[in-house]
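Side chains included, hydrogens not; waters and symmetry mates left out as well; all remaining heavy atoms used. Order of listing sets the numbers, starting from 1, for every ligand and every atom in it. Since the model is a prediction, treat every value here as computed from it, not as a measurement. Numbers for residues simply follow the sequence, beginning at 1.
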Amino acid sequence: MRILVIYDTVSGNTERIAQLIAEELVASGNEVSCRRQSVSGEEDFMGVPLWVIGSPTHWGRAPFRFNTLLRNALKDAGNDHAFVAFDTRYEKVHSGAADRIHQLMVKEGLRPLMAPQFFMVEGNQLRQGEEERARELGRTIASLL
Ligand SMILES: Cc1cc2nc3c(=O)[nH]c(=O)nc-3n(C[C@H](O)[C@H](O)[C@H](O)COP(=O)(O)O)c2cc1C
């Protein structure tokens, strides 16, 4: 299946998770495009059946620039897509970027493959074990296709 893994990142943690998910999806035989917000546009989303969307959590939500890209993509590429939203965050207690992105996509009529996923950052690094969890998520997504 063609899959877009689209992510934003400031210090690289969300990028690392996105790349590991993408690696597992490729290993399962999918055609994966893994793109960073700063170098992507609405055209990357067009005609791709599954979007895997990853964002750092900034004040409980995705960075404004990433939200803008996602909203523009929805406008141009329509809602006939499945999606998975994940985020990175410091705290487990409140909702993060993935919850907001998930809500937006569902509201727009896209089909969620699973509940929002999150990965924990401590200091400025991924918590131990999160990289393996990212690989597991990639394999789980592949098993659902
Ligand atoms: C401006 C800013 C706001 C943040 N707000 C939150 C927040 O509301 N909740 C949280 O859990 N983490 C918050 N964080 C921590 C980020 O989620 C964490 O640094 C992020 O996962 C790093 O991802 P990246 O390495 O891909 O940039 C914030 C970080 C920054 C820089």
Side-chain angles (χ1 to χ4, degrees), residues 1-28 30-46 48-77 79 81-108 110-145:
M1 183 189 260
R2 280 183 69 203
I3 302 171
L4 170 67
V5 179
I6 180 83
Y7 64 91
D8 196 357
T9 193
V10 175
S11 44
N13 294 294
T14 317
E15 179 167 61
R16 179 74 183 138
I17 299 289
Q19 287 170 344
L20 292 169
I21 293 170
E23 268 179 40
E24 292 297 327
L25 290 169
V26 169
S28 307
N30 295 287
E31 190 189 324
V32 181
S33 167
C34 186
R35 308 279 291 165
R36 184 176 176 157
Q37 170 272 335
S38 54
V39 294
S40 69
E42 294 84 87
E43 64 282 358
D44 292 319
F45 295 74
M46 307 283 246
V48 183
L50 174 63
W51 301 348
V52 179
I53 307 164
S55 178
T57 298
H58 284 182
W59 314 125
R61 60 185 66 207
F64 181 77
R65 61 190 184 194
F66 195 41
N67 252 319
T68 302
L69 174 66
L70 296 175
R71 287 181 183 279
N72 288 340
L74 286 166
K75 235 183 277 159
D76 286 6
N79 66 1
H81 310 267
F83 77 95
V84 174
F86 73 89
D87 67 42
T88 55
R89 57 175 87 171
Y90 281 158
E91 299 164 27
K92 231 174 202 166
V93 285
H94 60 67
S95 71
D99 307 271
R100 297 292 194 98
I101 292 169
H102 187 97
Q103 282 165 18
L104 170 68
M105 295 293 151
V106 168
K107 186 169 140 254
E108 294 294 328
L110 282 80
R111 183 170 60 84
L113 219 54
M114 59 180 66
Q117 305 291 311
F118 55 88
F119 295 88
M120 304 305 296
V121 171
E122 282 173 354
N124 214 7
Q125 293 192 321
L126 287 167
R127 181 185 285 174
Q128 198 172 3
E130 295 303 71
E131 293 198 351
E132 185 45 39
R133 283 187 58 236
R135 288 195 182 279
E136 269 169 37
L137 177 59
R139 292 193 288 270
T140 303
I141 294 171
S143 75
L144 294 172
L145 303 178

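Remark: ligand 1 atoms within the under-4.0 Å shell around heavy atoms of Glu91 are 11 (O). Of all atoms in ligand 1, listed by their number and element, those nearer than 4.0 Å to a heavy atom of Val121 are 21 (O). Taking every non-hydrogen atom of Pro56 and a distance limit under 4.0 Å, the qualifying atoms of ligand 1 come out as 20 (C), 23 (O).
The protein atom (non-hydrogen) at minimum distance from atom 20 (C) of ligand 1 is Thr88 OG1, 3.5 Å. Protein heavy atom in closest approach to atom 8 (O) of ligand 1: Gly60 N, 3.0 Å. When hydrogens are left out, the protein atom nearest atom 5 (N) of ligand 1 is Trp59 N, 2.8 Å; that is the closest non-hydrogen contact. Among protein heavy atoms, atom 11 (O) of ligand 1 sits closest to Tyr90 N, 2.8 Å. Considering only non-hydrogen protein atoms, atom 4 (C) of ligand 1 sits nearest to Thr57 O, 3.4 Å.
Using a 4.0 angstrom heavy-atom cutoff, Gly12 counts as in contact with ligand 1.
Residue Thr14 places at least one N or O, backbone or side chain, under 3.5 Å from an N or O of ligand 1. Ligand 1 has no nitrogen or oxygen under 3.5 angstrom from a nitrogen or oxygen of His58. In terms of polar-atom proximity, defined here as any N/O pair under 3.5 Å, Asn124 makes no such contact with ligand 1. Between Val10 and ligand 1, an N or O atom pair is found at a separation short of 3.5 Å.
Between Arg65 and Asp8 there is a salt bridge, since at least one side-chain N of the basic residue sits less than 4.0 Å from a carboxylate O of the acidic one. Salt-bridge formation is detected for the pair Asp99/Arg89: a Lys NZ or Arg NE/NH1/NH2 atom is positioned less than 4.0 Å from an Asp or Glu carboxylate oxygen. For Glu24 and Arg133, the salt-bridge test fails: no basic side-chain N is under 4.0 Å from an acidic carboxylate O. A salt bridge between Lys75 and Glu42 is absent, with no side-chain N of the basic residue lying under 4.0 Å from a carboxylate O of the acidic one.
For atom 26 (O) of ligand 1, the candidate residues are Thr9, Asp87, Ile17, Asp8; the nearest heavy-atom contact is made by Thr9.
The backbone N or O of Leu126 sits less than 3.5 Å from a side-chain atom of Asn13, completing a donor-acceptor pair. Judged by distance alone, the side chain of Trp51 and the main-chain N or O of Val5 form no donor-acceptor pair under 3.5 Å. Formation of a donor-acceptor pair under 3.5 Å by the Thr88 side chain with backbone atoms of Met120 is not found in this model.
When Leu4, Val106, Ile101 are each tested for a side chain to side chain contact (heavy atoms under 4.5 Å, CB included) with Phe83, only one passes: Val106.
Between Tyr90 and Glu122, the side chains place no donor N or O within less than 3.5 Å of an acceptor N or O (distance only, hydrogens not considered).
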